[in-house]
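Comments concern the structure below.
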Amino acid sequence: MTTRVRFAPSPTGYLHIGSARTALYNYLYAKKTGGKFLLRIEDTDIARSTEESTRSILEGLAWLGLDHEEEIVFQSDNADKHREAAKKLLAEGKAYRDFTPKEAASDKTVKEAIIERARQADKNMRDNPYRNLSEVESDTRAANGEPYAIRLKVAESGKTSFEDEVFGLQERDYSDTEDLVLLRSDGHPLYNLAVVCDDIEMGITHVIRGQDHLTNTHKQVLIYEALGATPPKFAHLPLILAPNKGKLSKRKHGEIVSMTTYRDAGFIPAAFTNFLALLGWSAGEEQEIYSMDELIEKFSLDHIHRSSAVFNFRENDPRHWTDDKALWMNAEYIRTMPLDELLPLVKAELKAAKLWREEYDSSADFSSQSNEAPTQDSPPSEGGVAAASADGVVLSSSRQWFERAVELIRHRFFTLKDFSSQGRAYFSEDYDFDAAAIAKNLTKFPDLRDWLPELADRFEAEFVDKEYSEENIETLVKAFTEEKGTKLGVIMNGARTLLTGVAVGPSMLSVFEILGVEKTVMRLRSQVAWNQ
RNA sequence: GACCGGUUCGUCUAGGGGUUAGGACACCGCCCUUUCACGGCGGCAACACGGGUUCAAAUCCCGUACCGGUUACCA
């Protein structure tokens, strides 16, 4: 039997990080077993479900690359079938009509009422006066138009049990389970009934979902039994907690738990997926970087943890605004993933920041050069820019230049956003100067105000016909430094600040070279930073 | 309250009767270097507590504490 799993979010908000992980585990399990990963939107709560949420969730899944198979099932479309099932159970005497008037209450008071009720000691779950109403009276009252809900008639004694793939044997005494409502008095089916009916209908073999459904599962097992269906296998996932080990909620933690936040913050889907996979599961080895294929290969339900994980972040700390490990992993992907996979992502980021130039896509002005991306091993000084600049042309707009620039600057970046912020100076003349960099590298050495423009003159004169290579640049700058009787670092860091606007980055020789002599000269002469 | 579940460095985790309790992130230090959030080396840091079982317990059992989930005509 091929496995069929489903991710079944309720569309009441964006895709939550915990939901995303649930979706991922379902996906991994499906792929691992050669089964199918299905999607069902649980929109039976008409009041709270929105189309926008559905769209947002779909977007989140697409971003993560968790593509579902078959048609999306909208639970509300199956309401008739759910009603039928409830009626069938009613007819078979496995459920009964409850004529207790529905209490009109807002969400808030409902929650309070639950807590209130919970305070009371052991209540009898079978004390509903309508539980044993005669069939005749029940039918009569219904025929008279009296509103009623349909409740499952849970047996007086016995217990439900199922073997959870993660938590092991689960048992619950019937006396701890109330006669749950299957159908509301307004005729709308309730979650537990809808889930069971749909899972049966969709042929779901494994239900993989959050631990918060563990007690629901007992109720659902009861419904399966009443319906005469065999329950699927269940695997409950530990929860993801906030740093204070409390609930990680949309309300309290806002953006930090939304997938769109990570997409918009410049995360790489593969990196985030990798991070998520390790939050509650481990292959039992020391490897931490896994491609999707590796995750699929190594994933198994029995290595899912039983204890919840903390999603660690520090509020009001820009450097640790989200889980450090997620940040690290994203950086790791940015600096080590194959360049040709990174390039399109950088392109998208630059496009969004209006820094993209179509020339970066064409190799037209490099007819004699190969299209292959430079590897980390190949020294940059042998590349096309140097060769091209020998003709006195600065080709800072070609495909090859773009590839080299990305390769050069990616090593210190954490997110894709860094390419358009910290790395902005590589792609635009309109970049900002970091105040700390100015203070540390410029104003501390007032002489630089004269020296750097002077250095610009040297560059201009020297590289009229000489190759603009790192080697030649180094010779020139070193000579200049000695002449001024200062340290190389003073000149280099001053230049770095003017050329890139920031205090960190790759080797300055590479920076000079990648920017080309024209921009170098122009920026060394600029007084903009000095006037800030 | 009741029912259920959990507890290994700050965080993610490995280990499931005999380990100097391993790795990763974060943090700190040193090195490299023209700076640096790259890289290299190193350091700090954990078995919740109390009883048992056993020659031996982080590991098995019981209890306690703490944390979490559920307890809706929400999902």
Side-chain angles (χ1 to χ4, degrees), chain A residues 8-12 42-45 47-49 75 98 100 102-103 105 107 110-111 113-115 117-123 125 147-151 167 170-173 175-178 180-186 188 190-192 194-195 210-216 218 236 238-239 241 243-247 275 278-289 305-313 319-320 323-329 331 335 410-414 418 422 437 440-441 477 481 487-497 502-509:
Chain A
S10 61
T12 54
E42 311 226 310
D43 55 352
T44 48
D45 187 347
R48 290 194 299 163
S49 299
Q75 193 155 62
D98 181 358
T100 312
K102 188 196 174 209
E103 290 169 46
D107 240 30
V110 164
K111 216 140 211 177
I114 292 165
I115 293 167
R117 203 177 317 167
R119 291 261 172 262
Q120 301 160 14
D122 318 62
K123 60 166 180 174
M125 302 286 199
Y148 59 87
I150 295 181
R151 284 185 187 271
F167 288 95
Q170 299 294 306
E171 294 183 310
R172 189 176 167 92
D173 204 281
S175 63
D176 292 321
T177 302
E178 65 173 345
L180 56 137
V181 175
L182 302 174
L183 209 62
R184 282 187 261 226
S185 48
D186 63 6
H188 284 108
L190 255 85
Y191 172 74
N192 283 306
V195 166
Q211 196 199 33
D212 48 339
H213 286 287
L214 212 43
T215 44
N216 272 333
H218 287 281
H236 288 89
L239 268 18
L241 271 25
N244 66 355
K245 301 204 192 281
K247 197 172 180 176
F275 167 75
L278 262 25
L279 206 57
W281 171 85
S282 127
E285 59 188 10
E286 287 182 354
Q287 184 178 341
E288 302 217 77
I289 302 291
H305 306 144
R306 275 151 284 265
S307 54
S308 36
V310 169
F311 184 64
N312 201 21
F313 58 91
R319 195 158 158 178
H320 304 279
D323 197 293
D324 281 324
K325 199 132 188 182
L327 245 15
W328 165 79
M329 199 163 276
R335 55 187 176 240
R410 67 156 147 167
H411 292 97
R412 284 168 181 78
F413 286 173
F414 279 73
D418 290 334
Q422 286 208 64
K440 182 183 167 199
N441 297 331
V477 177
T481 303
K487 285 192 288 187
L488 188 61
V490 173
I491 301 295
M492 288 296 200
N493 292 322
R496 179 187 299 285
T497 305
V502 292
V504 303
S507 155
M508 262 318 283
L509 295 172

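Throughout, protein chains are lettered first and strands after them, A, B, ... in sequence-line order, and every chain is numbered starting at 1.
- B/G1 and B/U71 make up a base pair, with Watson-Crick or G-U wobble contacts both under 3.5 Å.
- One P atom belongs to B/C28, the other to B/U33, and the distance between them is 23 Å to the nearest Å.
- Residue A/Lys440 holds its NZ atom at 8.5 Å from OG1 of A/Thr497, rounded to the nearest 0.5 Å.
- B/C25: Watson-Crick or G-U partner is B/G10, with both key distances under 3.5 Å.
- Look at CG on A/Leu239: it is 16 Å from P on B/C67, rounded to the nearest Å.
- B/C66 and B/A48 have their C1' atoms separated by 8 Å, with the value rounded to a whole Å.
- Separating the CG atom of A/Leu182 from the P atom of B/A75 is a distance of 12 Å, rounded to the nearest angstrom.
- For A/His236, there are no ring pair (Phe, Tyr, Trp, His ring centres under 6.0 Å) partners two or more places apart in sequence or in a different chain.
- Look at CG on A/Leu183: it is 13 Å from P on B/C73, rounded to the nearest Å.
- Between A/Thr215 and A/Arg172 the shortest heavy-atom distance is CG2-NH1, 3.5 Å.
- In this structure B/U64 sits in a base pair with B/A48, meeting the Watson-Crick or G-U test at under 3.5 Å.
- Listed by chain and number, the residues in a salt bridge (Lys or Arg N to Asp or Glu O under 4.0 Å) with A/Asp98 are A/Arg151 (sequence neighbours excluded).
- Between A/Leu239 and A/Gln211 the shortest heavy-atom distance is CD1-N, 3.7 Å.
- Nucleotides B/U8 and B/U71, compared at atom P, are 27 Å apart to the nearest Å.
- B/C9 sits 27 Å from B/C4 when the P atoms are compared, rounded to a whole Å.
- With both ends at atom P, the span from B/A14 to B/G22 equals 15 Å, rounded to whole Å.
- Base pairing analysis places B/G18 opposite B/C55; the two distances defining the Watson-Crick or G-U wobble pair are each below 3.5 Å.
- Of all the heavy atoms in A/Ile491 and A/Thr481, the pair that sits closest is CG1-OG1, 3.7 Å.
- In this structure, B/G39 forms a base pair with B/C31, meeting either the Watson-Crick or the G-U wobble geometry with both donor-acceptor distances under 3.5 Å.
- Under the rule for a salt bridge (Lys or Arg N to Asp or Glu O under 4.0 Å), A/Asp43 has no partner lying at least two apart in sequence or in another chain.
- With both ends at atom C1', the span from B/A24 to B/C73 equals 49 Å, rounded to whole Å.
- A/Asp45 pairs by the salt bridge (Lys or Arg N to Asp or Glu O under 4.0 Å) definition with A/Arg48, not counting sequence neighbours.
- Taking atom P on both B/G17 and B/C74, the two are 48 Å apart, rounded to the nearest angstrom.
- Between the P atom of B/C27 and the CG atom of A/Leu327 lies a distance of 10 Å, rounded to the nearest Å.
- Within the 4.0 angstrom heavy-atom criterion, base atoms lie near A/Asn216.
- Residue A/His218 is out of contact with every strand shown, counting any heavy-atom pair closer than 4.0 Å.
- Between A/Leu180 atom CG and B/U70 atom C1' there is a gap of 13 Å when expressed in whole angstrom units.
- Side-chain N or O atoms of A/Gln287 include one that pairs as donor or acceptor with a backbone N or O of A/Ile289 at under 3.5 Å.
- Rounded to whole Å, the distance from NZ on A/Lys247 to P on B/C67 is 17 Å.
- Note that NZ of A/Lys325 is 8.5 Å distant from CZ of A/Phe275, once rounded to the nearest 0.5 Å.
- Residue order along RNA chain B, read from the 5' end via each residue's closest nucleotide, puts A/Leu241 first among A/Arg184 and A/Leu241.
- What separates CG of A/Leu190 from C1' of B/A72 is a distance of 8 Å, to the nearest Å.
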(request) Spell out protein contact along nucleotides 33-50 of chain B as letters: B when the base is contacted, S when just the sugar-phosphate is, - when no protein heavy atom is under 4.0 Å; keep the 5' to 3' order. (result) -BBBBBS-----------
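- Between A/Val181 and A/Leu190, the closest heavy-atom pair is O-CB, 3.8 Å.
- Nucleotides B/A46 and B/C62 have their P atoms positioned 28 Å apart, rounded to a whole Å.
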(request) Classify every nucleotide of nucleotides 4-13 of chain B by which part a protein heavy atom approaches to under 4.0 Å, writing B for the base, S for the sugar-phosphate alone and - for neither, in 5'-to-3' order. (result) SSSS---SBS
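- As judged by a 4.0 angstrom heavy-atom cut-off over every strand, A/Thr44 is placed among residues touching the sugar-phosphate backbone only.
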